[in-house]
Amino acid sequence: MWVFLVTEIMFFGGLFTAYVMYRTLYSHAFGDASNHLDLTMGAFNTVVLIGSSLTMALAVHAAQVGKRGAQVLFLLLTMLLGSVFLGVKVVEYAEKFHHGLVPGPYFTYHGPDAPQAQLFFSLYFAMTGLHALHMIIGLGILAVLVAQARAGRFGPAYSTPVELTGLYWHFVDIVWIFLFPLLYLIARHGGA
């Protein structure tokens with residue numbers, strides 16, 4: 001799992017590096033474009049994901065001490081919070097489609113730096129979309145764990161799958177903790 005996480009860090013690290021490079025080159029355009037992101041939704045999703053990390057940690061603890069009911073409850077709560085996050089993301093994406101802020105032939109941006117703004121939104125969709133894909137995969141894994149936890153598979157002698165899934169889930173949450181300020185907050189109102 002650690003090797004997998006290291007490869008994931010390298011993968012996301014490439015995207016973060018590209019973003020920082022272009023952010024430095026086009027700081028004013030990126031700052032203006034980031035004003036089109038919904039700060040309230042982004043902040044809400046940050047709180048939701050932090051809550052999901054807590055419930056995932058509680059699920060791991062419940063598995064380690066053999067509390068089957070608590071395992072199932074906390075795994076389900078983690079899934080619920082993850083689903084809320086994705087639902088908010090769908091609303092955000094729909095808003096971008098509605099306002100023509102999706103890169104491509106129909107991209108419409110009313111500002112002096114439209115090409116650079118399109119680059120910002122390309123990176124926004126690539127980074128948040130990849131993050132969302134990881135969350136969807138995590139939800140699938142959690143669904144399997146819920147079924148196995150209900151069957152009493154995990155306890156003090158064997159809780160490795162829950163622990164490894166916890167590491168994965170926390171990693172995905174940490175990626176968002178970096179994405180949120182980078183995309184939504186830094187130099188939000190007009191440039192460097």
Side-chain angles (χ1 to χ4, degrees), residues 4-53 78-142 168-192:
F4 170 75
L5 291 180
V6 168
T7 61
E8 288 289 290
I9 289 169
M10 292 170 65
F11 185 62
F12 275 102
L15 285 171
F16 279 106
T17 301
Y19 181 87
V20 169
M21 283 177 41
Y22 285 118
R23 181 82 172 88
T24 303
L25 286 173
Y26 309 119
S27 59
H28 182 74
F30 272 44
D32 284 344
S34 73
N35 286 327
H36 293 274
L37 301 182
D38 192 318
L39 182 59
T40 303
M41 284 193 205
F44 176 77
N45 260 352
T46 302
V47 173
V48 166
L49 273 196
I50 290 171
S52 77
S53 263
T78 304
M79 291 181 70
L80 173 67
L81 292 169
S83 299
V84 168
F85 178 93
L86 290 174
V88 170
K89 210 71 210 148
V90 167
V91 172
E92 278 191 278
Y93 281 2
E95 184 180 289
K96 302 297 168 284
F97 273 95
H98 179 73
H99 291 103
L101 295 175
V102 178
Y106 302 108
F107 183 77
T108 51
Y109 186 81
H110 305 291
D113 302 314
Q116 293 80 14
Q118 187 165 207
L119 180 59
F120 170 85
F121 283 105
S122 295
L123 288 167
Y124 165 79
F125 279 105
M127 295 168 89
T128 59
L130 192 61
H131 178 260
L133 176 64
H134 278 74
M135 290 205 62
I136 291 168
I137 292 168
L139 288 175
I141 295 169
L142 286 170
Y168 176 84
W169 195 261
H170 296 314
F171 168 77
V172 173
D173 289 353
I174 287 170
V175 168
W176 178 258
I177 295 299
F178 284 99
L179 283 176
F180 175 63
L182 204 61
L183 294 170
Y184 288 76
L185 296 178
I186 295 176
R188 181 172 173 78
H189 294 287

Given side chains that start at C-beta, do those of H131 and L15 come closer than 4.5 Å, heavy atoms only?
no
All side-chain contact (heavy atoms from CB on, under 4.5 Å) counterparts of I50, not counting sequence neighbours
T46, I177
When rounded to the nearest 0.5 Å, the distance separating CD of Q118 from OG1 of T108 is 10.0 Å
Hey, does the side chain of Y106 reach the backbone of F97 with a donor-acceptor pair shorter than 3.5 angstrom?
no
Hey, are the side chains of Y168 and I137 touching, using non-hydrogen atoms and a 4.5 Å cut-off?
yes
For residues 81-93, which side-chain donor-acceptor pairs fall under 3.5 Å, sequence neighbours excluded?
unit_1: S83; atom_1: OG; unit_2: M79; atom_2: O; d: 2.9
unit_1: K89; atom_1: NZ; unit_2: E92; atom_2: OE1; d: 2.9
unit_1: K89; atom_1: NZ; unit_2: Y124; atom_2: OH; d: 3.2
unit_1: K89; atom_1: NZ; unit_2: Y184; atom_2: OH; d: 2.8
unit_1: E92; atom_1: OE1; unit_2: Y184; atom_2: OH; d: 3.2
unit_1: E92; atom_1: OE2; unit_2: Y184; atom_2: OH; d: 2.7
unit_1: Y93; atom_1: OH; unit_2: T128; atom_2: OG1; d: 2.7
unit_1: Y93; atom_1: OH; unit_2: G129; atom_2: N; d: 3.1

For the residue pair D38 and K96, what are the closest heavy atoms and their distance?
N-NZ, 4.5 Å
Checking W176 against V48 for the side chain to side chain contact (heavy atoms under 4.5 Å, CB included) test, could you report, in this order, the C-alpha distance in whole Å, the side-chain angles of both residues, the deciding distance, and whether it holds?
CA-CA 11 Å; W176 178 258; V48 166; over 6 Å; no
Report the C-alpha distance between L185 and L39 in whole Å, list the side-chain angles of each, state the deciding distance to 0.1 Å, and finish with yes or no for side chain to side chain contact (heavy atoms under 4.5 Å, CB included).
CA-CA 8 Å; L185 296 178; L39 182 59; 3.2 Å; yes
One should read off an interatomic distance between F12 CZ and H134 NE2, to the nearest 0.5 angstrom, of 4.5 Å
Specify whether F16 and F178 have parallel, tilted or perpendicular ring planes, treating 30° as the upper limit for parallel and 60° as the lower limit for perpendicular.
perpendicular
Quick one: CG on L179 to CD1 on I174, what's the gap to the nearest 0.5 Å?
12.0 Å
With a 6.0 Å cut-off on ring centres, are Y109 and H36 close enough?
yes
Hey, do the aromatic rings of Y19 and F30 have their centres closer than 6.0 Å?
yes
So for atom OH, which belongs to Y22, do other residues, nucleotides or ligands contribute more than 12 heavy atoms lying within a distance under 6.0 Å?
no
Between R23 (side chain) and I186 (backbone), is there a donor-acceptor pair under 3.5 Å?
yes
Taken to the nearest 0.5 Å, the spacing of T24 OG1 from M21 CE works out to 8.5 Å
Closest non-hydrogen atom pair, P103 against F125:
CD-CD1, 3.8 Å
Over all heavy atoms of both residues, which pair between Q116 and A29 is shortest? Give the atoms and the distance, please.
CB-CB, 3.4 Å
Look at the rings of F121 and F107 and say which category their plane angle falls in: under 30° parallel, 30 to 60° tilted, over 60° perpendicular.
tilted
